[in-house]
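These notes concern the structure reproduced below.
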Amino acid sequence: MVGRKKIITRFLPWLVLVCYWVLLFICTHIPRIPSGMTIHVSDKFIHFMAFLCLTLLFWLAEYGSHRPSIRSRMTWLTVIMLAAYGVVDELTQHFVHRTVSFADWLSDLSGVLAALFMLFLMRRWSYWLAVYWLGLFIITHWPQPEPLLKLPDFLQKYHLVYYLVGYTALTILWWRSWCRQPRFMFSTGLMWSTTLVVGGYALIDQGLKYRMHRGFNEKELAVALLGLALGIGFSVLMARHHEIGQPDEMSQNHNPEEISD
């Protein structure tokens with residue numbers, strides 16, 4: 001039974017990769033967009049995201065938890081192989097009467113490099129925080145009338161729920177990024193700094209929207225502050241849980257410079 005679990009664990013990432021790669025090849029070789037389907041984003045962005053996901057899946061399947069590095073042979077082999085596949089992908093589209101585009105290939109290559117850069121950064125909580133915060137800012141400040149992320153019509157009335165979740169996650173990531181141990185920790189200073197930083201950002205967020213002529217939304221600000229409170233509450237509970245679960249560790253002096261991945 002244990003051996004079977006190991007086999008599944010070893011080959012499941014490859015199965016996911018192969019399925020995605022086959023689906024990607026099929027999508028890039030469909031002669032024309034099916035009737036009734038409308039694409040609202042640039043095809044360059046689609047190429048970028050498709051190869052970003054392909055690179056992430058390939059790296060996790062082939063190299064697991066290893067970290068990309070500019071000096072690593074694994075990194076350069078990945079770039080060369082997927083860049084070469086991008087060339088083959090573009091050239092073979094000629095046979096299904098689609099346009100061979102150098103710009104599309106550059107978008108593919110950009111997705112590969114972006115994925116490797118993400119894998120290089122995603123070793124610390126602070127990096128996750130930076131990427132998440134940047135993404136949250138871009139989504140909530142994308143110029144109208146065509147937002148970067150538009151909810152389906154039947155979910156429009158629940159957009160405040162997504163705002164609540166977004167700020168709750170932001171608060172938890174901020175709190176965890178400032179913990180100097182491989183677990184949640186509690187301090188009065190951390191609680192106040194989290195309140196001031198995330199709460200201040202929520203106010204600035206609405207101020208920027210006002211400057212963009214999108215109005216100052218008091219409900220969104222109130223929901224953001226509620227998400228801040230929920231995030232702090234969750235972080236405090238996790239910190240207390242870890243303190244109870246590891247009483248011996250809490251009694252030891254830790255190196256303040258130690259930072260958990």
Side-chain angles (χ1 to χ4, degrees), residues 48-49 52-53 55-57 59-60 63-72 74-75 78 110-142 148-149 162-208 221 223-243 245-246 249-250 252-261:
F48 174 84
M49 292 303 301
L52 184 143
C53 294
T55 306
L56 291 175
L57 290 174
W59 187 273
L60 293 175
Y63 302 119
S65 60
H66 290 284
R67 187 182 188 183
S69 169
I70 196 170
R71 298 179 180 180
S72 171
M74 297 182 296
T75 302
T78 301
S110 298
V112 173
L113 297 177
L116 293 173
F117 186 64
M118 287 175 59
L119 288 166
F120 174 77
L121 291 180
M122 296 300 148
R123 291 294 297 269
R124 298 184 185 276
W125 283 95
S126 57
Y127 298 149
W128 285 102
L129 171 66
V131 172
Y132 177 83
W133 207 334
L134 177 62
L136 181 66
F137 179 85
I138 292 174
I139 290 174
T140 56
H141 292 84
W142 193 259
L148 179 63
L149 180 63
Y162 292 87
Y163 223 80
L164 176 67
V165 173
Y167 270 85
T168 302
L170 176 63
T171 303
I172 294 171
L173 282 172
W174 173 270
W175 187 293
R176 183 62 183 83
S177 296
W178 283 93
C179 294
R180 298 293 182 175
Q181 303 296 334
R183 53 181 169 76
F184 279 86
M185 301 181 68
F186 174 80
S187 72
T188 303
L190 180 56
M191 183 173 67
W192 280 110
S193 68
T194 302
T195 302
L196 291 175
V197 171
V198 180
Y201 172 74
L203 185 61
I204 294 173
D205 175 69
Q206 290 302 320
L208 289 174
L221 178 60
V223 170
L225 296 178
L226 177 59
L228 167 63
L230 290 175
I232 290 177
F234 175 85
S235 300
V236 171
L237 287 175
M238 289 299 297
R240 297 305 187 194
H241 173 73
H242 289 168
E243 288 177 5
Q246 302 177 5
E249 182 182 349
M250 292 298 298
Q252 300 174 2
N253 293 324
H254 296 283
N255 184 354
E257 297 299 322
E258 180 184 355
I259 303 178
S260 172
D261 284 341

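Just so we're clear, the structure is a prediction, and the values are computed from it rather than from any experiment.
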>> Could you go through Tyr167 and Leu230, starting from their C-alpha distance and side-chain angles, then the distance that decides it, and tell me whether this counts as side-chain contact (heavy atoms from CB on, under 4.5 Å)?
In response: CA-CA 9 Å; Tyr167 270 85; Leu230 290 175; over 6 Å; no
>> As a test of understanding, state which of Tyr63, Trp59, Phe120 forms a side-chain contact (heavy atoms from CB on, under 4.5 Å) with Thr75.
In response: Trp59
> About how many Å separate OG of Ser235 and CH2 of Trp174, when rounded to the nearest 0.5 Å?
Replying inline: 12.5 Å
>> Using every non-hydrogen atom in the two residues, find where Phe48 and Ala114 come nearest and quote the distance to one decimal.
In response: CZ-CB, 3.6 Å
> Who pairs with Ala169 by side-chain contact (heavy atoms from CB on, under 4.5 Å), at least two apart in sequence or on another chain?
Replying inline: Tyr132
>> As an exercise, state the distance from CG of Leu119 to OG1 of Thr55, rounded to the nearest 0.5 Å.
In response: 8.5 Å
>> Applying salt bridge (Lys or Arg N to Asp or Glu O under 4.0 Å) as the test, list every pair that has at least one member in residues 188-204; sequence neighbours left out.
In response: none
> Thr171: what forms a side-chain contact (heavy atoms from CB on, under 4.5 Å) with it, not counting sequence neighbours?
Replying inline: Thr194, Val198, Leu228, Ile232
> Where do Arg240 and Phe184 land on the side-chain contact (heavy atoms from CB on, under 4.5 Å) test, with the steps shown first?
Replying inline: CA-CA 8 Å; Arg240 297 305 187 194; Phe184 279 86; over 6 Å; no
> In Å and rounded to the nearest 0.5 Å, what is the CG to CH2 distance from Leu190 to Trp175?
Replying inline: 4.5 Å
>> A quick test of your reading: do over 12 heavy atoms of other residues, nucleotides or ligands sit less than 6.0 Å from CG of Leu196?
In response: yes
>> Within this structure, what is the CZ-CE distance for the pair Arg176 and Met185, rounded to the nearest 0.5 Å?
In response: 9.5 Å
> More than 12 heavy atoms of other residues, nucleotides or ligands under 6.0 Å from CH2 of Trp178: is that the case?
Replying inline: no
> Excluding sequence neighbours, so at least two apart, what forms side-chain contact (heavy atoms from CB on, under 4.5 Å) with Leu57?
Replying inline: Val16, Leu17, Tyr20
> Which distance, rounded to the nearest 0.5 Å, do you find between the CG of Leu52 and the CG of Leu113?
Replying inline: 10.0 Å
>> Run the side-chain contact (heavy atoms from CB on, under 4.5 Å) test on Phe234 and Thr168 for me, step by step, so that the C-alpha distance in whole Å, both residues' side-chain angles and the decisive distance to 0.1 Å come before the verdict.
In response: CA-CA 9 Å; Phe234 175 85; Thr168 302; 5.9 Å; no
> Side chain of Ser193, backbone of Gly189: donor and acceptor closer than 3.5 Å?
Replying inline: yes
> Can you list every salt bridge (Lys or Arg N to Asp or Glu O under 4.0 Å) pair that touches residues 129-141, not counting sequence neighbours?
Replying inline: none
> What residues, two or more places apart in sequence or in another chain, satisfy ring pair (Phe, Tyr, Trp, His ring centres under 6.0 Å) together with Phe137?
Replying inline: His141
